[in-house]
2 protein chains.
Amino acid sequence: MRLVVARCTVDYDGRLTAHLPEAVRLLMVKADGCVAIHADGGAYKPLNWMNSPNTLTVGDDPKAEDDRVIWTVRNPGGETLIITLHEVLSDETHEMGLDPGLQKDGVEAHLQELLAANPTAILDGLRLVRREYPTDIGPVDLLCRDAQSEAVAIEVKRRGEIDGVEQLTRYLEFLNRDPLLRPVRGMFVAQEIRPQARVLAEDRGIDCMVVDYDNLRGVESDELKLF
Amino acid sequence: MRLVVARCTVDYDGRLTAHLPEAVRLLMVKADGCVAIHADGGAYKPLNWMNSPNTLTVGDDPKAEDDRVIWTVRNPGGETLIITLHEVLSDETHEMGLDPGLQKDGVEAHLQELLAANPTAILDGLRLVRREYPTDIGPVDLLCRDAQSEAVAIEVKRRGEIDGVEQLTRYLEFLNRDPLLRPVRGMFVAQEIRPQARVLAEDRGIDCMVVDYDNLRGVESDELKLF
DNA sequence: CTCTGAATCTCGTGT
DNA sequence: ACACGAGGTTCAGAG
């Protein structure tokens, strides 16, 4: 990884056009060639960047009186990032090697897995038909049948907001056209449900349910203990 | 901005839990206190981070035999980021000052402006009634009248996806309650429309249209040349 | 390969 | 403060 601290101006032209006036910033060039320009504050996201694959060419500015250097970064999509370095304050390179990568736990996929394994935690007598049950407009998280064998479509979210209710409503609209499934009931299951989402869901006849991730893990381990 | 290159392990516990095995990485501490951990490749996004405001406390690990150092970053939300530095390879600090910020051009707002100025680029004989026409549930991008003076509600997107169709559907539902407007037709205009979004739109009787940003700019400049 | 949906989304704007 | 929508979204996973 090469780290350059420099007073610079930047111009990006690609999916949009963007410009950075002259200031001191960090230029980060990673081993795979991707380039990122960071300011000293604000977000973790860089001000500008160019992902790999790309080509970086370095040249002097023939029009300039001082010794400024121009970096031109081009990618196969025709996007360009032009960095004019007016003054270089630091330029260091460090070898780092490949990163073993991030291990995550506790995202929506895990919640969905736990619920698929324990549908009765949602509703007594509930049985799983399929995870990611396909419809013409995308897959429903869980399709189940309740104790009366009626279909229940379940949308799982970490945080339940209005767009999740919209999503489930669309699925229900399409699922209810299928005579083998009709009538299909909707359930909105999340670790947290925003008040507005709850209002909209209830207005549409969709049941809401808040579940606890750690409790569910407990349920699962309890079941494992039985064997 | 402080830049530390170190062999380290990282544990994040907050909205999810995540762990990074030992490897050499860049630790970036910005002037506002935010911390980011970068690998030497992949995305511009850091592997782990903690936004400002937060507190960084540095301490030795009393249990360790070597001289490892532990950084503990805490934010008011109770999230923690624990970085164990096994070996520090570089540690530098640079003053950068405030960044003047990014100037952008070519986003959805510009597309909407161009279409508002040239409604006939969407449909022959189309006249603009109002941009950001208000309804009880939010403003419609463009409200127009066609050659037969019937109302047309237009949703403008850079990339047309299902959400946009939902949005327009909601607006149409409310606009069609207004006897002065009824019947209101819907049009979904974007630089690119995803197939599933097109299916849903057509299912709802909404017309789709793909427009080109650069062409529109050309139309505009053509009109300007007339004067 | 495309397409869909999640994200520690982030970031702005408006109320 | 919260809700809503856009993003050079990025990113991973399934068909």
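Note on naming: letters A, B, ... go to the chains in the order of the sequence lines (proteins, then strands), and numbering restarts at 1 for each one. A quick note: this is a predicted structure, and the numbers were derived from the prediction, not measured.
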Passes salt bridge (Lys or Arg N to Asp or Glu O under 4.0 Å), B:R130 versus B:E132? Steps please.
CA-CA 6 Å; B:R130 228 199 112 162; B:E132 303 289 348; over 6 Å; no
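- Mapping B:G42 and A:E79 onto DNA chain D by nearest heavy atom places A:E79 closer to the 5' end of the strand.
- Counting to the nearest Å, the P atom of D:dA6 and the CG atom of B:L168 are 12 Å from each other.
- Distance, B:D141 CG to D:dC4 C1': 13 Å, rounded to whole Å.
- At least one side-chain nitrogen or oxygen of B:R170 sits closer than 4.0 Å to the OP1 or OP2 atom of D:dG5.
- Between A:Q103 atom CD and D:dA12 atom P the separation is 15 Å, expressed in whole Å.
- At the phosphate of C:dA6, neither OP1 nor OP2 sits under 4.0 Å from any side-chain N or O atom of A:R158.
- Applying the 4.0 Å criterion to OP1 and OP2 of D:dG8, one finds that B:K104 has a side-chain N or O inside that range.
- If you take CD of A:Q167 and C1' of C:dA7, they are 14 Å apart, rounded to a whole angstrom.
- Taking only distance into account, the side chain of A:N51 never meets the base of D:dT10 through a donor-acceptor pair shorter than 3.5 Å.
- Following rounding to the nearest Å, A:N75 (CG) and D:dG8 (P) show an atom-to-atom distance of 15 Å.
- Summary of the strand contacts: B:E161 and B:E155 both lie near DNA chain D, and taking for each the nucleotide with the nearest heavy atom, the more 5' one is attributed to B:E155.
- Between B:R159 and B:Q191, the side chains place no donor N or O within less than 3.5 Å of an acceptor N or O (distance only, hydrogens not considered).
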I'd like a table of atom pairs between the protein and nucleotides 13-15 of chain D - only N or O on both sides, under 3.5 Å - with the distance next to each one.
unit_1 : atom_1 : unit_2 : atom_2 : d
D:dG15 : OP1    : A:R130 : NH2    : 3.4

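- Between the NZ atom of B:K45 and the P atom of D:dT10 there is a distance of 11 Å, rounded to whole Å.
- Taking side-chain N and O atoms only, A:Y171 has a distance below 4.0 Å to OP1 or OP2 of C:dG5.
- Close to D:dA6, at under 4.0 Å from its OP1 or OP2, lies no side-chain N or O of B:R159.
- Legend: residues meeting side chain to side chain donor-acceptor pair (under 3.5 Å) with A:T9, ordered by chain and number and at least two apart, are A:H86.
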